[in-house]
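Taking it in order: structure first as structure tokens, then the write-up.
Letters A, B, ... mirror the listed sequences (proteins, then strands); counts begin at 1.
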Amino acid sequence: MVFSSVIFLFLFLPATIAAYYIIPSRLRKLRNLVLLGASIVFYAYGGPKLLPLLLLSVLINYFAGILAGSDKGNTVRKASLIISVLFNIGMLFYYKYTDFFITNINGLTGLDIALKSIALPLGISFFTFQNLSYVIDVYRGRVSAQKNHFELALYITLFPKLLLGPIVRYQAIEPQLSARKSTPELFADGICRLIIGLGKKLLIANSMGIIADRVFSTDFSLLSCGLSWVGVAAYTLQIYFDFSGYSDMAIGIGKLFGFEFTENFNYPYIARSITDFWRRWHISLSTWFRDYVYIPLGGNRATKIKHIRNIMIVWLLTGFWHGAAWNFIVWGLYFGILLLIEKYFILKKLEKLPAFFQHLYAIFFIMLGWVIFRSDSIAQIWDMLRALLGLSHATDNGQALFYIKEYKAELFVAVLASTPLAKFIGNRLELSTRKKAAGIIKNYGAIIFLSCVFLLSIVYLIKSTYNSFLYFKF
Amino acid sequence: MKKSGSIVLSILFLLAIFFVPICTKLQANATYSFFENRTLANAPVLNLQSLLSGEYFSSWNTYLADHMCYREKLLANYISINMNVLKKTVVNDTVVQNDMLLPYYVQTVLDYNTINNNIGNLADSLDNVNDYVEKMGSTFLFVGMPEQSSLFADKQPNDCYSKKDYFDYVEKSLFDQLDSRSIDYVDMKKVFSGCDDYQKYYSTIDHHYNYYGALKTYQTILEKLEAITADKFDILQENDMDISAVNYPAVGSRSIKLYNLYPTDEKVYIGYPKVKVPFTRVDNDKDEVDDLFTMPYYSTSYASYTIYMGGDKGKTVISTNRPDKPTVLIWGDSFTNALETIMYYNFDKAIYLDFRHITDGSTIYDYLDEYKPHIVICVSNDTVYAVQNDNVP
């Protein structure tokens, strides 16, 4: 079930809100059970036959957490950690990567091993990482193991973040499981985030997706330089608004039930370097890799060779996490190399340049990265890069200009919304001496704006009965 | 946001998300969408397989989306926003021009292998039919019609792909093949393009020709038949007809995608010969129909190309009880419909076939054996010359 669907917005969500709030707030555990039930229904919507896997995952990690945080000696604690890691990684490997390895083994050896065509459980990349972070944090003594299996199940399966993140650490959510408070302000803030996320997805991402899909499916012989740049720019905007839109909705829906999740994006396209970009993009994933792979490997507190090794391992895994295909691995390694070049050679020099050039540098390499990410094959990466450099010899048939003119409104809004302009306006209103006027604009102006975005989003939602998120295949 | 604002926003949001499902439940259950020309989804039926696969739940999303209250209004709003506010050139895959609607084509590299293969198959099929018909002592004629976007390819905006290269290639390929096999044909695109007022013959909101285009096609076919046979036909001219506009707003295959929000004063025309020829009409061997035009039922209805013969039929036989006149058999897709309302006039019997709607496995040869027509005509349009379809024997 996706958030931007009729069934979620007009059946599941109102039913869950009603079932949750009909219970008095003092019966917190019952409210948690309602959320747990709703989360299970949410997951089962995609096919109940994969539900047992999720529940098994909850069970294994529950016991692993108990043992990892017990006082039964280091051997038991370590064994339970290893079992949890093997189980979670093994599950991820089996469901997501089996056919990738079979295909490559067949290619290298000439064998003809049959592909397994295993159905990928939705959200597996997200909830396995979440499970791992829980057990590892318990082992490290950062959090106490959750003894109540329903509470742990709620943490793992909580539907706002179950399928596409953010990857929420147990540390952040533990106090909220037992002592969160819903207030009108928090509820309204949740609505605000939900509507903004909906608008990002339905009004911007989907429109940019039309351009990107068309350009990326254009034959190389017809792909002019201008058209390829328009397509890459469109995809750059599509993926940001699609994924950040989802994160906004997840955070917003969490707030409706009193949960505060960590932010996942911080205006990544205003980054001044690739280093800066990765502090702003998919923050929950990059911090996960930092805390559970990079730092345990030694991080930057190692020899130069080992540091380089650590960076490349993290980025190889980051790329591989995104998809079982070579282009994702290349994408990860691409950013690993760029980060190393910045770290060891150019970052300090970059910081001395005017901000405009820093932004230009960053957005250029970010966009090239998206070419690698979006392409269906290594061959297509090569074709797209050549087209971007004007090496396709395709004549411009007006398509590039057509897309810019046709989608000028969406492009304009997308570029503005990629910047913290709204936040800037909000802050100015906060600081304004005309408190009454600022208050009216902030309160009622926001309501009018959100109502328009919501209404427009519903119009666009009905236009297509189904909208899927780009990161859904993870 | 202040507490008061938070409360207002929360109430509005909750009202919206609760109102929609309640309103949807209370409204009458529509089964068909006129503008989408499809049956709306039924409520899913629960069974173990659909439950386990997730299809049961996802079908509920489709059902709710199809039956959501104010759905048609919301879709119309989407069209209106895109056409009138965002002023998009392309809305719902339709190129919106001031004077007409055209389809939006995405440019692809032409697959010449497949095109040549399919045209070759069509030419072979027509050749076989031609031989069979000639052995019967009858005459075969192929009529190639341009689809609206083909005839008006030059009307596409400069930055939209007109598909002219495709249309030119398939037309030349097919007609070269027909020439090489000595199959008689009429290239109606050439005929229409040669007219100064060629726009008169085609709809601006539909992919078909209009009644005037059908009349012109009828005239051209009979003139060609006169040239290749010894027969003389009393060919109807415009002033032999009572042509009138149907007094309902017109809707076409293009404008329906825009929820008929595209401003047009186009009308659907029908015509009756001033000198009437009584006829009987039987559809699909069982339905007797007393007219060649099917008028809209309600005062709020639209008039469309389905007025002609009531739309596509598998088989229609029109008998005029004039045994001194020849029999004609015409097969093809919807491009025959308007033509069928006139072609019967010069024949004792006119048999019209559309193999997309013939499901008993009968072939053209079965009908040729059954009716032994003097004239056999195949009508096709250039969007399907190079596409495998049921009307290729």
S33(B) and E72(B): side-chain donor and acceptor closer than 3.5 Å?
yes
What distance do I195(A) atom CD1 and I447(A) atom CD1 have between them, rounded to the nearest 0.5 Å?
10.0 Å
Residue part contacting chain B, namely of L455(A), when any heavy atom lies under 4.5 Å
neither
Max heavy-atom pair count under 4.5 Å with chain B, selected residue of L11(A), L9(A), L222(A), D219(A)
L222(A)
Where on L51(A) is there a heavy atom nearer than 4.5 Å to chain B: the side chain, the backbone, both, or neither?
neither
Within residues 404-415 of chain A, the residues sitting under 4.5 Å from chain B by heavy atom, in sequence order, are K405(A), E406(A), Y407(A), K408(A), A409(A), E410(A)
Between F220(A) and R386(A), is there a cation-pi geometry (under 6.0 Å to ring centre, at most 45° from the normal)?
yes
So do F8(A) and F42(A) actually touch side chain to side chain, heavy atoms under 4.5 Å?
yes
Are there over 12 heavy-atom neighbours, none belonging to F449(A), within less than 6.0 Å of that residue's CZ?
no
Heavy-atom contact with chain B under 4.5 Å, split by part of Y444(A)
side chain
Counting heavy-atom pairs closer than 4.5 Å to chain A, which one of V85(B), L51(B), V8(B) comes out on top?
L51(B)
To the nearest 0.5 Å, what is the distance between CG (N158(B)) and CZ (F402(A))?
12.0 Å
Which distance, rounded to the nearest 0.5 Å, do you find between the CG of L194(A) and the NZ of K255(A)?
12.0 Å
With chain A, the option among V106(B), L74(B), I17(B), L64(B) that has the most non-hydrogen atom pairs under 4.5 Å is I17(B)
So, the part of I17(A) with a heavy atom under 4.5 Å from chain B: the answer is side chain
Which atoms of T108(B) approach chain A - backbone, side chain, both or neither, heavy atom under 4.5 Å
backbone
Please find the pair of heavy atoms, one from Y202(B) and one from H208(B), that lie closest to each other, and give the distance.
CD2-O, 3.5 Å
Heavy-atom distances under 4.5 Å only: say whether I22(B) touches chain A with side chain, backbone, both or neither.
neither
Between S6(B), P157(B), A16(B), S4(B), who has the most heavy-atom pairs with chain A when the cutoff is under 4.5 Å?
S6(B)
Using the benzene-type ring in the case of Trp, are the ring centres of F152(B) and Y198(B) under 6.0 Å apart?
yes
One thing to verify: whether E171(B) and K189(B) come together as a salt bridge, which I'm taking to mean a side-chain N less than 4.0 angstrom from a carboxylate O.
yes
Relative to chain A, which segment of V90(B) carries a heavy atom at a distance below 4.5 Å: side chain, backbone, both, or neither?
both
Please lay out, stage by stage, how N92(B) and T94(B) fare under the test side chain to side chain donor-acceptor pair (under 3.5 Å).
CA-CA 5 Å; N92(B) 255 2; T94(B) 304; over 6 Å; no
Quick check: W60(B) with F57(B) (ring centres under 6.0 Å apart)?
no
Atom group of L12(B) that falls short of 4.5 Å from chain A, counting heavy atoms:
side chain
Side chain, backbone, both or neither of V109(B) within contact of chain A (heavy atoms, under 4.5 Å)
both
Region of S221(A) in contact with chain B, defined by heavy-atom distances below 4.5 Å:
side chain
So, are R254(B) and D206(B) salt-bridged, with charged N and O less than 4.0 Å apart?
no
Do we get K463(A) above Y460(A)'s six-membered ring, with its NZ or CZ under 6.0 Å from the centre and within 45° of the axis?
no
Within residues 75-83 of chain B, contacts to chain A at heavy-atom distances under 4.5 Å involve L75(B), N77(B), Y78(B), I81(B), N82(B)
Polar contact flag, side-chain donor to acceptor under 3.5 angstrom, T204(B)-E266(B):
yes
is_close_aromatic(Y169(B), Y112(B)), centroid dist under 6.0 Å:
yes
